[in-house]
Amino acid sequence: MHSPPDAVIIMAAGAGTRMRSRHPKVLHPVVGRPLLGWVLALAQELQPAQIVVVTGGGQPDVADYAMSWAAGAASDVRCAVQSPPQGTADAVRVGLTALPRSITERPGATVLILSGDVPLLHREQVDNLLGAHRQASATVLTTRLAEPLHYGRVIRSGAQVAAIVEARDADAETAAITEINTGIYAFDAPSLVAAVAQITAEPPSNAQGEYYLTDAVAILVAAGRPVAAVLTEDATAVMGINDRAELAAADRIMAARIAHGWLAAGVTMIDPGRVRIEPTVTLEPDAVLYPDVHLAGATLIEADAVIGPETTLTDCRVGARSRVQRTTATGALIGADCAVGPYTYLRPGTDLGDGSKVGAYVEVKASRVGVGAKVPHLSYIGDAEIGEGTNIGAATVVVNYDGVAKHRTHIGTHVRIGSDTMLIAPVTIGDGAYTAAGSVITEDVPPGAMAVGRARQRTVPGWVMRRRPGTPSAAAAAAGAGPVDTVAADV
Ligand code: UD1
Ligand code: MG
């Protein structure tokens, strides 16, 4: 094992023009977490004394995001503003200004350079880099690509690196080199300070007019300080994200990586390629995920719960053995042994007691559904309490909004709400009460009462034969019932 790096500098100030976005490149998400978040998470795992994120001048949201990581971190996390961004050497120069001299001036101190746009990097790859670095002035993490594209080419001199040449500055022979620079390096701190000072002393003369960090290699070699390289076979993990196609590819790879981690932890997936689990989610062994499940935020899925197909859960808890299918839910607590879906929408503040059921085409918001209670079909439940064992008939609506304010509804235990009941809030239905189907309930119902709030039915015999003669309905009525003599008055 190696010791942790003394400092990590994360370069995140680049304009990201190839993204064609109004948003900073490093805040584009991969499986729900910004590119920069993945890099920060890895940097923190390494437990350096200092982490510096280099952000652009016009990117306050990048700095805010970086600082949101600082709160719970063991390392000291700070931002350094590079304005304007003038290339990776300039970014590192700015990053170094945020480090104490006890690091920058100490021979043998290690500064690890990461890019904010390389989210798939493995801990193991960084460990190998740091392990190999030891006494070199710099060690570059490289990989091989059959199509090296826009990556910097690594010019070797035996086991050492002689130089890195950017694709745009490469002649045909250099462009044919397949070993490329990943943009991840370990540097001896004083060597880095000296090389970066030299690069940024004169205006750049390369194709992009930028100060290239990659020029540090040739500078150190010329000064008689060898530069080492560690070649990683996993080229996918060191992929830099520069455009939307690469972002989409990284997202798919990360989603698969996370899914396979949970498979190994005992979660069943019917089709792992069609499951997206954000890194903030927790699943217990024997949870089962059907295809097209998206689990986001602080979601917890307990043992033997069956989720999906076609279900998106954000910041939800699903209790053991519950079944949640074709559901969109945010901020919902679902107890054990519940049945939810299909086509169900659970909004924040939903709290479903153990063994409860919320069925097809039901929306619930800021409501508690008691233990064993059922809302099986076509209902809206908002700002309500539903007691244990209560059944809500199909097409019931809690009318919680009077156009100005929301009001609460209390429904007791073992209540039977008839189908198509409108409960005009605020209203209380006592324990064990019933409402008649089709009722509009505007007044409180005491325990055990039956409330009927609808017009009494009127039936006009023979109306169809008289008023719709010659229609199929009239014929059907005549055949079924025979002539109807009783004639009501003038309907
Ligand atoms: C860089 C390397 C290239 C390597 C590739 C790997 C240089 C000159 N080239 O090229 O050899 O193969 O990464 O992905 O270093 N950044 C700043 N400030 C700047 C410019 C960039 O902070 O002024 C940041 C970017 O936000 C990004 C990282 O540095 O996170 C890399 O910059 P980018 O422009 O993507 O460099 P590449 O052209 O990909
Ligand atoms: Mg890049």
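All ligand and atom numbering here is 1-based and tracks the order in the structure. Both backbone and side-chain heavy atoms feed into the values below; hydrogens, waters and symmetry mates do not. Predicted model only: the values in this text are computed from it and were never measured.
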Exercise. Check P84 against D90 and note the closest heavy-atom contact, atom names and distance.
Key: O-OD2, 3.7 Å

Exercise. With heavy atoms only and a cut-off of under 4.0 Å, state how A91 meets ligand 1: side chain, backbone, both or neither.
Key: side chain

Practice problem: Would you mind telling me if ligand 1 is within reach of the side chain of E210, the backbone, both or neither, using heavy atoms under 4.0 Å? | Solution: neither

Quiz item: Should you measure from each heavy atom of Q82, which atoms of ligand 1 turn up under 4.0 Å away?
Solution: 17 (C), 18 (N), 19 (C), 22 (O), 23 (O)

Quiz item: For G152, is at least one N or O under 3.5 Å away from an N or O on ligand 1?
Solution: yes

Quiz item: Side chain of E302, backbone of A320: donor and acceptor closer than 3.5 Å?
Solution: yes

Practice problem: Would you check whether A13 has a nitrogen or oxygen atom less than 3.5 angstrom from a nitrogen or oxygen atom of ligand 1? | Solution: yes

Practice problem: Heavy-atom contacts with K25 under 4.0 Å: which atoms of ligand 1 show up? List them by number with element. | Solution: 35 (O)

Quiz item: Quick one: does S75's side chain have a donor or acceptor within less than 3.5 Å of a partner on P48's backbone?
Solution: yes

Practice problem: Applying side-chain hydrogen bond (donor to acceptor under 3.5 Å, both in side chains), run through S21 and H28 and close with a yes or a no. | Solution: CA-CA 9 Å; S21 175; H28 283 266; 2.9 Å; yes

Quiz prompt | Close N or O approach (S115, ligand 1; < 3.5 Å) | solution = no

Quiz item: Which of the atoms in ligand 1, numbered in the order shown and given with their element, are less than 4.0 Å from a heavy-atom of Q86?
Solution: 23 (O)

Quiz item: Can you list the atoms of ligand 1 that are under 4.0 Å from a heavy atom of P85?
Solution: 19 (C), 23 (O)

Quiz item: Is it the side chain (CB and beyond), the backbone, both or neither of N242 that lies under 4.0 Å from ligand 1, heavy atoms counted?
Solution: side chain

Quiz item: Taking N or O atoms only and a 3.5 Å limit, does V118 qualify as a polar contact for ligand 1?
Solution: no

Quiz item: Quick check: does any side chain N or O of S379 sit under 3.5 Å from a backbone N or O of V375, one acting as donor and the other as acceptor?
Solution: no

Quiz prompt | Cationic N near anionic O, under 4.0 Å, D383 to K406 | solution = no

Exercise. Verify, without hydrogens or angle tests, whether Q59 (side chain) and G56 (backbone) share a donor-acceptor contact under 3.5 angstrom.
Key: yes

Quiz item: Has the side chain of R274 got a donor or acceptor atom that lies under 3.5 Å from a matching backbone atom of D292?
Solution: no

Quiz item: Do we get R347 above Y380's six-membered ring, with its NZ or CZ under 6.0 Å from the centre and within 45° of the axis?
Solution: no

Quiz prompt | Contact with ligand 1 for T182, non-hydrogen, under 4.0 angstrom | solution = yes

Quiz item: Taking only heavy atoms of G116, which atoms of ligand 1 are found under 4.0 Å from at least one of them?
Solution: 30 (O)

Quiz prompt | Contact (N/O only, under 3.5 Å) between E166 and ligand 1 | solution = yes

Practice problem: Flag G14 as yes when one of its N or O atoms lies below 3.5 Å from any N or O atom of ligand 1, and as no otherwise. | Solution: yes

Exercise. Under the side-chain hydrogen bond (donor to acceptor under 3.5 Å, both in side chains) rule, what do Y211 and N206 come out as? Steps first, then yes or no, please.
Key: CA-CA 8 Å; Y211 297 109; N206 53 55; over 6 Å; no

Quiz item: Does any N or O atom in Q208 lie less than 3.5 angstrom from one in ligand 1, N or O only?
Solution: no

Self-check item: Donor-acceptor pair, side chain of Y185 and main chain of F187, under 3.5 angstrom
Solution: no

Quiz item: At a 4.0 Å threshold, what atoms of ligand 1 neighbour a non-hydrogen atom of T214?
Solution: 7 (C), 8 (C), 9 (N), 11 (O), 15 (O)

Practice problem: For R18 and ligand 1, answer yes if some heavy atom of the residue is under 4.0 Å from a ligand atom, otherwise no. | Solution: yes

Quiz item: Taking L346 as the fixed residue, which of L313, V364, V324, T330 is the one that meets the side-chain contact (heavy atoms from CB on, under 4.5 Å) rule?
Solution: V364

Quiz item: Which atom names give the shortest non-hydrogen contact between I184 and N181, and what distance separates them?
Solution: N-OD1, 4.3 Å

Self-check item: Any H150 heavy atom less than 4.0 Å from ligand 1
Solution: no

Quiz item: Mind checking whether Y185 has an N or O less than 3.5 Å away from an N or O of ligand 1?
Solution: no

Quiz item: Would you say M11 and ligand 1 have an N/O pair spaced under 3.5 Å apart?
Solution: yes

Quiz prompt | Numbering as shown, the atoms of ligand 1 that approach A12 to under 4.0 Å (heavy-atom distance) | solution = 22 (O), 26 (O)

